[in-house]
Amino acid sequence: MPELPDLQVFSQNLQKKLAGKKVKKVVIGNAKKLKASANMLKKSLEKQVVKKVYREGKELHFQFGNGDVLGLHLMLKGRLYLFEGKNEQKYTIIELQFDDGTGLALTDFQGQATPTLNPEEREAPDALSTAVNYSFLKKALQTKATIKNLLLDQHVIRGIGNAYADEILWKAGISPFSIANKIPDNKIKSLASAIKSVLKNAEKQIRKSDPDIISGEVRDFLDIHNSKKKSSPTGATIEHAVVGSRKTYYTKEQELYK
DNA sequence: ACGCGTGTTACTGT
DNA sequence: GACAGTAACACGCG
């Protein structure tokens, strides 16, 4: 449920809180979704110092002194908790205990959050990378998929989720039902800049309202994908529909290309 | 109370 | 066969 801007803020806060800590013990609570054996994880991470925490697409990456990287994907309901002493959280997937008596726990009642040891590099660029520009999108949009589904496709661009796809499409003035290869060049340009501005602005809002956040999500400032709002900032009624089995919020201000 | 929400995967359909 | 669309996962929250 947290999307790119949330994860971006989490990663910065985790970097502040965890960098320099040494892992004493790795505890696996639920191995179902592990993308590495429990033993490999323990062997790789125990006695290692956290060097860097950063975001990659929708994953958090923890880089250790030996160069190994622990990737955590929170999926829909994954949550992170810092604890002192004993981890009391239910549904723990994985837990890092540090040698100063603190620890980090990843929980998920749905058991879907996924720890990966040394995640493979992906070809699709991160939504905030400079590679996501007009000419990239021009190529990526040469398909008859609906634009909303395309924005959500992590094999095309990494990091955009359901809520921010709606925000971005509204900002760009493109209907979510538009067919990607029917969108004109000037609108592809709007889309490129909307991706950056919507995501960066969200990051700023989240940091302002919730400076220490490492879990959950902040959504109340969203302009369109927001059940509390009836109309867009420019006064159009917000409509709802299902696209790709996801609830989609949009207004008639957005142009439909079919 | 009870239906909604969320990302990915595996499946279905075109 | 390639590409696009969608149900299911499962349960806390409002």
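Proteins come first, then strands; the chains are lettered A, B, ... in the order of their sequence lines, and each starts at number 1. None of the values given here were measured: they were computed from a predicted structure.
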Enquirer: Check this for me: does any side-chain nitrogen of one of A:K228 and A:D220 sit under 4.0 Å from a carboxylate oxygen of the other?
Expert: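 A salt bridge is absent here (no side-chain N lies under 4.0 Å from a carboxylate O).
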Enquirer: Between A:R79 and A:D108, is there a side-chain N and carboxylate O pair less than 4.0 Å apart?
Expert: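 Here A:R79 does not pair with A:D108 in a salt bridge, since their nearest N and O are not under 4.0 Å apart.
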Enquirer: Say whether A:K90 and A:T107, considering side chains only, have a donor N or O and an acceptor N or O under 3.5 Å apart.
Expert: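 No - no donor-acceptor pair under 3.5 Å links their side chains.
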Enquirer: Atom CG of A:L7 and atom P of B:dG7: how far apart are they, to the nearest Å?
Expert: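 Distance check: A:L7 CG to B:dG7 P gives 10 Å.
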Enquirer: Looking at A:N149, I'd like to know whether one of its side-chain N or O atoms comes within less than 4.0 Å of OP1 or OP2 on C:dA4.
Expert: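 Answer no for this pair, as no side-chain N or O of A:N149 is under 4.0 Å from OP1 or OP2.
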Enquirer: Looking only at side-chain atoms of A:R219, point me to the closest of C:dA10, B:dT6, C:dG5.
Expert: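 Nearest to the side-chain atoms of A:R219, counting from C-beta on, is B:dT6.
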Enquirer: With under 30° as parallel and over 60° as perpendicular, where do the rings of A:Y91 and A:F109 fit, or are they tilted in between?
Expert: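 Judged by the thresholds at 30° and 60°, the geometry between A:Y91 and A:F109 is perpendicular.
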Enquirer: I need a per-nucleotide contact map over nucleotides 8-14 of chain B, read 5' to 3'. Cutoff is protein heavy atoms under 4.0 Å; write B for the base, S for backbone only, - otherwise.
Expert: B------
Enquirer: Select base, sugar-phosphate, or nothing to describe what A:T143 touches, counting heavy atoms under 4.0 Å on all strands.
Expert: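 Sugar-phosphate, no base atom in range.
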Enquirer: State whether A:K247 places a side-chain N or O below 4.0 Å from either non-bridging phosphate oxygen (OP1 or OP2) of B:dG5.
Expert: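 It does, given that an N or O in the side chain of A:K247 lies less than 4.0 Å from OP1 or OP2 of B:dG5.
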Enquirer: Rounded to whole angstroms, how far apart are CG on A:L106 and P on B:dG7?
Expert: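 So the CG-P distance, A:L106 to B:dG7, works out to 16 Å.
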Enquirer: Measure the distance from CZ on A:R79 to C1' on C:dC13 and round it to the nearest whole Å.
Expert: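 Rounded to whole Å, this separation is 11 Å.
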Enquirer: When hydrophobic residues are tied together by side-chain contacts of less than 4.5 Å, even through go-betweens, does A:Y54 share a cluster with A:V9?
Expert: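 Result: no, two separate clusters.
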Enquirer: Base, sugar-phosphate or nothing for A:T146? Non-hydrogen atoms, less than 4.0 Å.
Expert: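 Here A:T146 touches the backbone only, sparing every base.
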Enquirer: Find the distance A:E56:CD to B:dG7:P and express it as a whole number of Å.
Expert: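 Between P of B:dG7 and CD of A:E56: 18 Å.
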Enquirer: Say you pick atom P in B:dC11 and the same atom in C:dA10; how far apart are they, in whole Å?
Expert: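 16 Å, rounded to whole Å.
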Enquirer: Does the side chain of A:T237 come under 3.5 Å of the side chain of A:K252 through a donor N or O and an acceptor N or O?
Expert: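 No, because no side-chain N or O of A:T237 sits under 3.5 Å from a partner of the opposite role on A:K252.
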Enquirer: With respect to the side chain of A:N162, which nucleotide from B:dG5, C:dG5, B:dT6 is positioned closest?
Expert: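 Within the option list, the nearest is B:dT6.
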Enquirer: Output the rounded distance in Å from CD (A:Q110) to C1' (B:dG7).
Expert: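 So the two atoms are 10 Å apart, to the nearest Å.
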Enquirer: Students often mix this up, so state it plainly: with edges at 30° and 60°, are the rings of A:Y250 and A:F177 parallel, tilted or perpendicular?
Expert: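 Answer is perpendicular, since the angle exceeds 60°.
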Enquirer: Is a side-chain donor-acceptor pair under 3.5 Å present for A:H61 with A:Q63?
Expert: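 No, no side-chain donor-acceptor pair sits under 3.5 Å.
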Enquirer: Rounding to a whole Å, what distance do you find between A:D166:CG and B:dG5:C1'?
Expert: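 It is 13 Å, rounded to the nearest whole Å.
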Enquirer: Please report, rounded to the nearest Å, how far the C1' atom of C:dC11 is from the CD1 atom of A:I93.
Expert: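 So the CD1-C1' distance, A:I93 to C:dC11, works out to 14 Å.
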Enquirer: I want to check something: taking the side chain as every heavy atom from C-beta on, are A:L137 and A:K189 in contact at a cut-off of under 4.5 Å?
Expert: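 Heavy-atom side-chain distance check fails, nothing below 4.5 Å.
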Enquirer: Kindly point out which of C:dG12, C:dA10, B:dT6 is positioned nearest to the side chain of A:Y91?
Expert: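 Nearest to the side-chain atoms of A:Y91, counting from C-beta on, is C:dG12.
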Enquirer: In residues 169-178 of chain A, which residues come under 4.0 Å of DNA chain B by heavy atom?
Expert: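 Under 4.0 Å from DNA chain B: no residue of residues 169-178 of chain A.
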Enquirer: Under the criterion salt bridge (Lys or Arg N to Asp or Glu O under 4.0 Å), which of A:R158, A:R219, A:K58 is the partner of A:E3?
Expert: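 Considering A:R158, A:R219, A:K58, a salt bridge (Lys or Arg N to Asp or Glu O under 4.0 Å) with A:E3 is found only for A:R219.
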Enquirer: Send over the distance from A:L76 CG to B:dG7 C1', rounded to a whole Å.
Expert: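 It is 5 Å, rounded to the nearest whole Å.
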